[in-house]
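Reviewing the structure listed below.
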Amino acid sequence: MDETWLLLSFSTRATVRESAMSDPIHPEQTRKRHYSYQFTAKHHGGGCAEDARWAEDLSRDEEFSVFDEADANDVLDEAGRFFGVLRDTDGELRYLGTWQQQVAEFPRANGGTPWHGYPSWAVNDVAPNNRSSQKVRPARIVFERMERAGLITRRQRKRLYKGDHA
Amino acid sequence: MTPYHPCGGSEIRDPGFEVSWAGDGPSEEYFYFGSEDGRLRTVAAEGLVPHLEFEAAESREAINGVASTGHYVAVSTRSEIEVWSHPSSTDDKQEHGTLDAGAHGVVAIASGQFVAPQGRAGLALIQPRPGTSMQVHLIRRGGGDLYFYRVVGLASMDFPETLACATRRGGIAALSVPHPGAEQVTISSSTFSGLDVVDVCSLGPRLPTPAVCAVGKDRTLVFFRNVLQDRRGVVLKFDRVKGTAYRLICAKGHLLLLTSRSLYIFKGLTRSYLEGQPIERVPTLVREIPMEAVDANLAHDRWLLVVTVAGVQVFDLNMLLGLEPTGQKHEEGQTFSPTNLSPHWATQDAEVAIAAGT
């Protein structure tokens, strides 16, 4: 099983490079750090079946807002990855991805290149997790920062932290 | 232990032990509490006093499932499944085995195995064996189209031991527990557009058939009299029930639904269904107890343990269900009318290989 997961990771990186030229960039930058954000084809239906995909009912402005709020509230881990959520009018967490993910991950972009992201938790392609694939699991501090920023409630933090939908 | 609750409940709060899971303990005298940093604690049911405690999850991740069978207790987190011999106050040496893959929970089934739903990775069946490594079987339907999120074991009178699974958009999946040495098993699944199954529960012990109820995240209830054979269930929804569905529990003929808003008790609903009454067309008496809950489990068929944002609420099941007086006046409930749904079902049967390991 571990070997399979390593192969999937390798395949993912290669696909991003190929599709980077055709990925549109959001017209605005984030409020705090002025980061640019691009909508990668890979995570909008242009990738393979195993690739995480943003939910079809999520607009591009909403997707950008998930990243913008993560940036504005410093919801990042020690590796510099941002994580975000989106609440509906009732305060419940919306599905961000086609596999019912409620948390999105934005891997650290190299200097000057736009950021991108994908839905990743609590339900995901290789979830709940394998120790050989730590990168799919948001660190505990991420959920605590989300709660402190008011992006999620304590109840939602406790649910997400143990791998449950919130 | 703190304040009295009008439904016969008490609340435990311990700032040094943030509870993520609470339920059955090693014996009827104890509960197990799992913490957000991977510790497992036994708590005496009488007096709710902490007893033994150990670091059960090496990853120090939040415990999301605990199950006991024989001399063993299994603990799951999103990083691992660990199997230990039960802690003892007279012997500090515990047997221990680890499966380095996380799960959404773990249950024990009648045949003495642990079963853990591992998302798209499938189901892990773990046979603990004294003094040797654990035997593990992995079951996954090709393509990973089912997301194994919750599982329940069903021991009925006229059918082989069965596993019923909540598989999110995959719906409700069922399979017979494989015999030792079996190389493949049939998984059948039923779903319909919009259904997102987040939990499933048995409708009771010693039933002729493996009967279950499943719940969608939007609180849609789906009943199957025989989850191994039925290809479509009775589907209903109560519009007055609010929140995101978290847990579904059947107790003494009643159905308990925990949502992000409240605990709902549907009085006699499962009993009525099993008696053949048209539950999708007749009103049901429903009692609502508002609470901000995270998780809930039955313990020893006598208690309901609700993990809240503050601690653990312990309810005497008989008092909660109104089977015994609480000494306090409280509402019996309100009558909720269901909406009967007739969705277009999609079903699938597939033979899948069983991968063995240790």
Side-chain angles (χ1 to χ4, degrees), chain A residues 1-5 8 48-53 55 57 87-88 90-95 97-103 120-144 147 152-166, chain B residues 18-21 34 36-37 58-65 76-81 98-105 116-122 138 140 143-145 147-150 168-169 196 198-199 217 242-247 260-261 291-295 307-310 355 357:
Chain A
M1 182 186 286
D2 290 355
E3 288 177 0
T4 304
W5 288 17
L8 285 174
C48 67
E50 294 297 317
D51 289 330
R53 186 184 303 181
D57 64 350
R87 296 171 80 172
D88 65 17
D90 292 328
E92 303 291 352
L93 296 188
R94 280 182 60 177
Y95 283 155
T98 54
W99 294 326
Q100 298 84 58
Q101 301 98 320
Q102 293 179 307
V103 176
S120 74
W121 190 258
V123 171
N124 62 35
D125 56 334
V126 289
N129 198 18
N130 181 299
R131 285 178 183 172
S132 67
S133 187
Q134 293 286 335
K135 72 187 186 71
V136 304
R137 171 165 48 114
R140 181 177 182 141
I141 190 69
V142 166
F143 299 109
E144 292 170 351
E147 183 185 356
I152 58 175
T153 65
R154 181 172 169 81
R155 166 179 52 80
Q156 290 166 335
R157 195 267 296 162
K158 288 175 74 75
R159 293 275 305 173
L160 289 173
Y161 184 57
K162 65 195 186 104
D164 289 339
H165 69 285
Chain B
E18 191 152 357
V19 178
S20 56
W21 187 96
E36 288 201 342
D37 58 2
E58 185 186 350
S59 67
R60 299 192 172 183
E61 292 282 354
I63 290 174
N64 60 22
S76 62
T77 76
R78 59 181 186 157
S79 281
E80 79 245 271
I81 302 163
T98 300
L99 182 62
D100 278 346
H104 285 291
Q118 297 186 290
R120 284 163 64 92
L138 299 173
R140 180 190 183 193
D145 60 331
Y147 192 98
F148 290 89
Y149 192 64
R150 296 282 184 266
R168 304 300 300 255
R169 292 283 166 86
D196 178 11
V198 295
D199 203 7
K217 181 169 173 279
K242 304 296 183 188
T244 300
Y246 286 169
R247 291 302 316 275
S260 56
R261 303 275 189 90
M291 60 174 67
E292 190 154 21
V294 176
D295 198 1
V307 178
T308 68
V309 292

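To find a chain, count down the sequence lines: A is the first, B the second, and so on, and within it residues start at 1.
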To the nearest 0.5 Å, what is the distance between [atom1] ([X]) and [atom2] ([Y])?
X: E292(B); Y: T153(A); atom1: CD; atom2: OG1; value: 5.5 Å
X: R159(A); Y: T244(B); atom1: CZ; atom2: OG1; value: 9.0 Å
X: L160(A); Y: R78(B); atom1: CG; atom2: CZ; value: 9.5 Å

**Asked** For the residue pair Y246(B) and H165(A), does the interplanar ring angle fall in the parallel (under 30°), tilted (30 to 60°) or perpendicular (over 60°) class?
**Response**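 The arrangement is perpendicular - the two ring planes meet at more than 60°.
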Does any heavy atom of chain A fall under 4.5 Å from the side chain of [X], the backbone, both, or neither of them?
X: A293(B); result: backbone
X: R60(B); result: backbone
X: A116(B); result: neither
X: D199(B); result: neither

Provide the closest heavy-atom pair for [X] versus [Y] in the form atom of the first, atom of the second, distance.
X: E36(B); Y: R140(A); result: O-NH1, 3.0 Å
X: T308(B); Y: K158(A); result: O-CE, 3.7 Å
X: S260(B); Y: R155(A); result: CB-NH1, 3.2 Å

The side-chain contact (heavy atoms from CB on, under 4.5 Å) partners of N64(B) (sequence neighbours excluded) come to K162(A), S76(B)
Most contact-rich option vs chain A, by heavy-atom pairs under 4.5 angstrom, among D295(B), I63(B), V307(B), is D295(B)
Q) So, do R169(B) and T98(A) sit near enough that their side-chain heavy atoms are less than 4.5 Å apart? A) no
(Q) Counting C-beta onward and ignoring hydrogens, is there a side-chain heavy-atom pair between Q100(A) and Y147(B) closer than 4.5 Å? (A)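 No. Closest side-chain heavy atoms not under 4.5 Å.
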Requested in this report: Please confirm whether the backbone N or O of V309(B) pairs with a side-chain atom of R154(A), one donor and one acceptor, at under 3.5 Å?
Outcome: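 Judged by distance alone, yes, a pair lies under 3.5 Å.
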Handout entry: Ion pair check, E18(B) and R157(A), cut-off under 4.0 Å
Key = yes
